[in-house]
Amino acid sequence: MFRTFAFLAATAFVIASIAACSPQSEPPTPTSEVRQLLGQKLMLDFRYFCDDGTAAEKCQQAVTELPEELAEVLREGVIGGVIVFSENLQSVPQIMTLIDEMQDVMRASGHPPLFIALDQEGGRVARLPDDIATRFAGNMAIGATYPQRQTEFAEQVGAGIGKAVKSLGFNVNFAPTVDVNVNPENPVINVRSYGEDPELVATLGMATVKAMQAQGVMSALKHFPGHGDTHVDSHTGLPRVDHDRATIDAVDLLPFQRSIASSTPPAMIMTAHIQYPQLDDTTFVAKDGQATVVPATMSQKILTGVLRDELGYRGVIITDALDMAGIAHYFEPLAATIQTFNAGADIALMPFTIRNNADIDAFWQYFEGLERAVQAGQLDLEQLRVSGARIADLKQRYGLLSSASLPLAERIQYVQNKLPLAANKELERKLAAASVTKVWDNALLPITKKTWQLVMPDTLRCVAFEQAIFEQQPGAEVNCVSLSKLPEGQPWQDWNPNATLVIGDITPHHSLAEMGGMDDLANWRERPSKADQYLWLEQVLAVAKQRQQPTVLVALRAPYVLSRYRDVADAALASYDYSAHGSADSSARIHSPSIDAIVAVLLGEQAPGVLPVTVFPSAPN
């Protein structure tokens, strides 16, 4: 017998909608009501799971199909949502089958359908395989196109991502990022931001939200109240923003305020694990015994006072992952969940890590702790009901209660024939070409010589640049050095002094996965630091300048690095994107529209992009 979950609904309309989808049954008892309310407020990750006794910290078995142990967690916990990561996503049939398995568990139990979420921002944060969904060049590249193209690319990319993820079965995308990147040292946001101008960020963020949600995908705007002026990554620590209230209103909050007040507000807003003492200077005693300023995720003054009361947001508030160090270092899971619910969060994202059967046992202890917190008055039942109604209304409005119109096999075949969307691949190429920015050029470009010396962050970038040069300049001679490991000695002594020297830089460092498997990954943790790379490049550039060798610097990620080399490079370009993917076989074609676009500009194409951030205190002559 299906069990109704009408208790979640705030209005008779929602109750009627839900009741129409399942048979009537007796109203839930107070205990079951509490369990269902709490379960709907949890979004779990099933990145890895080991049922063979492997310790949680060593479990690396990716969940690509749903084991019964995790199905039972969904079923008995009446869990509200699941977030998936790249480890869970392999192919169109596998992805769609996994999502269908999870939703089937809820349907068969008479429970609300799941939010199925991922981080598919585009650019450097994209969970889906590149041969399934187009990555695009990312938000800062879109920001660089704004002076020429206005919101064109924000709208088209938002729609393109929405179409792709919706077709696979996702209904929530944790995007876009509307943090205003006013700090060049920001380690976690940088090119994930549209730029440093809050008006530009607000405009492009609103356009993206509207376009994505028009495809039936809920947008989660992040990271409230703003992660743009930080030099600590909340994955590894607890950042602090010391802006005064006027700056907070004019910079950090403005993109959120504009989107909330628009005709298409975001379905969700994600909180940031960041201290904002001008918004809330309350302290708490962390689990290490230290008095610490409360982060926004745990602050009632910020989530309820600012986001709900001041900005008037009526959608669903979801936390950033609660297993991040910005929270986990200071709170135990149960305390963190209670605190963020009391602060006003509707959904706790990744509040408890499940990696093996022992973790499942501990999860139920955690869950029972939440139930006891309701019984003891630490969590307010009426507040839970209001939050549950908000969640139920969102699921109803986005059609999660509707059944699929076609059997799974037919849906898989249809989607597999469509992805990656041809329109998205063409849009990816156009965005890459439109965003390349000429930061300076001392009459070097276009390059007519056919001899090239490249210095790239890794072998994947070497191969991508070589292929692009060979295709666009037949007969070229190209030598490339990878900096995944600093070369010994002075290899530049053997380089052709007449070759055009092109140096590509990725700052901050890119991840292991993004190195493409072409370097010796056994020693990747020992790759040189950025400081060591900079010292090595300065030696190379000093020799090149002495030889009067033509030199181009290319910022493949954050463009701020270019200021280091203003006096030693003849030209500088910014692409805001270093993505490249393909086979580890160096003879295979690497797919990298951004690198193709960079080479085209080096050879004479226009660079239409405009820097959306300040690289120099004042513009160079």
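Only heavy atoms go into these numbers, but all of them, side chains included; no hydrogens, no water, no symmetry mates.
Checking side-chain atoms of Gln120 against main-chain N and O of Arg127 turns up a donor-acceptor pair under 3.5 Å. A donor-acceptor contact shorter than 3.5 Å links the side chain of Arg557 to the backbone of His509. A donor-acceptor pair is defined here as one N or O able to donate and one able to accept, closer than 3.5 Å; such a pair exists between the side chain of Asn181 and the backbone of Asn183. The closest donor-acceptor contact from the side chain of Ser219 to the backbone of Ala175 lies under 3.5 Å. Remark: the backbone N or O of Phe616 is not paired with any side-chain donor or acceptor of Thr614 at under 3.5 angstrom. Between the side chain of Tyr276 and the main chain of Gly226, a donor-acceptor pair closer than 3.5 Å is present. Without hydrogens or angle criteria, Gln278 side chain to Ile248 main chain gives no donor-acceptor distance under 3.5 Å. Under a 3.5 Å cut-off, the side chain of Lys438 and the backbone N or O of Val601 do not form any donor-acceptor pair. Looking only at distances, no side-chain donor or acceptor of Lys485 sits under 3.5 Å from a matching main-chain atom of Pro528. Not one N or O on the side chain of Thr319 forms a donor-acceptor pair closer than 3.5 Å with the backbone of Ala321.
At a threshold of 4.0 Å, the pair Glu428-Arg135 does not count as salt-bridged, since none of the basic side-chain nitrogens sits closer than that to a carboxylate oxygen. Ion pairing of Asp570 with Lys545 is absent here, as no side-chain N (NZ or NE/NH1/NH2) approaches a carboxylate O to less than 4.0 Å. Between Asp505 and Lys530 there is a salt bridge, since a side-chain N of the basic residue sits under 4.0 Å from a carboxylate O of the acidic one. A salt bridge links Asp596 to Arg589: one of the charged nitrogens lies within less than 4.0 Å of a carboxylate oxygen. Using a cut-off of 4.0 Å between Lys/Arg side-chain N and Asp/Glu carboxylate O, Arg564 and Glu538 are scored as salt-bridged.
Residues Tyr565 and Thr551 have side chains that never bring a donor and an acceptor to within less than 3.5 angstrom of each other. Thr500 and Gln453 are not linked by any side-chain donor-acceptor pair at a separation below 3.5 angstrom, with hydrogens and angles left out of the test. Side chain to side chain, Asp229 and His243 meet the donor-acceptor criterion of an N or O pair below 3.5 Å. Donor-acceptor pairing under 3.5 Å is lacking for the side chains of Tyr578 and Ser592. No hydrogens or angles considered: a donor-acceptor pair under 3.5 Å links the side chains of Ser594 and Asp577. Counted by atom type alone, Asn88 and Tyr48 present zero donor-acceptor pairs between their side chains at under 3.5 Å.
Using a 4.5 Å heavy-atom threshold, the side chains of Ile142 and Leu204 count as touching. Asp52 has its side chain within reach of Thr54: a pair of non-hydrogen atoms, C-beta onward, lies under 4.5 Å apart. Residues Asp359 and Phe49 are not in side-chain contact: their nearest non-hydrogen atoms beyond the backbone lie 4.5 Å or more apart. Between Arg192 and Val125 there is a side-chain heavy-atom pair separated by less than 4.5 Å. Residues Phe352 and Ile354 form a side-chain contact, since some pair of their non-hydrogen atoms from C-beta on lies under 4.5 Å apart. Within the 4.5 Å cutoff, the side chain of Trp440 has heavy atoms near those of the Asn442 side chain. Using a 4.5 Å heavy-atom threshold, the side chains of Gln90 and Ile95 count as separate. Looking at Asp288 and His329, their side chains come closer than 4.5 Å, going by heavy atoms from C-beta outward.
Of the residues listed (Asp320, Asp179, Asp119), the one engaging Lys222 in a salt bridge (charged side-chain N to carboxylate O under 4.0 Å, His left out) is Asp119, and it is the only one.
When the shell of 6.0 Å around CD of Glu57 is examined, it contains more than 12 heavy atoms from other residues, nucleotides or ligands. Glu185 CD: 12 or fewer foreign heavy atoms inside a 6.0 Å radius. Within a 6.0 Å radius of CG in Asp567, other residues, nucleotides and ligands contribute 12 heavy atoms or fewer. No more than 12 heavy atoms of other residues, nucleotides or ligands sit less than 6.0 Å from atom CD of Gln548. Atom CD of Glu605 sits in a sparse spot, with 12 or fewer heavy atoms from other residues, nucleotides or ligands closer than 6.0 Å. Atom CD of Gln473 is surrounded by more than 12 heavy atoms from other residues, nucleotides or ligands within 6.0 Å. Sparse packing is recorded around CD of Gln606, with 12 or fewer heavy atoms of other residues, nucleotides or ligands lying under 6.0 Å away.
Here the CD1-OG1 distance, from Ile318 to Thr297, works out to 11.0 Å after rounding to the nearest 0.5 Å. Atom CD1 of Ile161 sits about 9.0 Å away from atom OG1 of Thr134, to the nearest 0.5 Å. Once rounded to the nearest 0.5 Å, the distance linking CD of Gln61 with CD of Glu87 reads 12.0 Å. Considering CG of Asn190 and CG of Asn139, their distance stands at 11.0 Å, rounded to 0.5 Å. To the nearest 0.5 angstrom, Thr177 atom OG1 is 10.0 Å from His227 atom NE2. To the nearest 0.5 Å, atoms CG (Leu602) and CG (Leu573) are separated by 5.5 Å.
Under a cutoff of 6.0 Å and an axis angle of 45°, Arg47 and Phe85 form a cation-pi pair.
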- After noting the C-alpha distance and the side-chain angles of Cys462 and Met456, does the key distance pass the side-chain contact (heavy atoms from CB on, under 4.5 Å) rule? CA-CA 6 Å; Cys462 274; Met456 291 293 143; 3.8 Å; yes
- Item | side-chain contact (heavy atoms from CB on, under 4.5 Å) between Ile274 and Thr230, intermediate numbers included | CA-CA 9 Å; Ile274 302 178; Thr230 61; 4.2 Å; yes
- Task: Carefully, step by step, assess Thr437 and Tyr576 under the rule side-chain hydrogen bond (donor to acceptor under 3.5 Å, both in side chains).
- Result: CA-CA 9 Å; Thr437 302; Tyr576 320 98; 2.7 Å; yes
- Which is it for Val543 and Gln539 under the side-chain contact (heavy atoms from CB on, under 4.5 Å) test, yes or no, and what are the steps along the way? CA-CA 6 Å; Val543 172; Gln539 295 179 68; 5.8 Å; no
- Step by step, would you call Gln275 with Leu238 a side-chain contact (heavy atoms from CB on, under 4.5 Å)? CA-CA 7 Å; Gln275 297 169 326; Leu238 183 56; 3.4 Å; yes
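Ring pair Phe256/Phe224 is perpendicular by interplanar angle, where above 60° counts as perpendicular and below 30° as parallel.
For Trp495 and Trp452, the gap between ring centers reaches or exceeds 6.0 Å.
Residues Pro255 and Leu221 share a closest heavy-atom pair of O-CD2, 4.4 Å.
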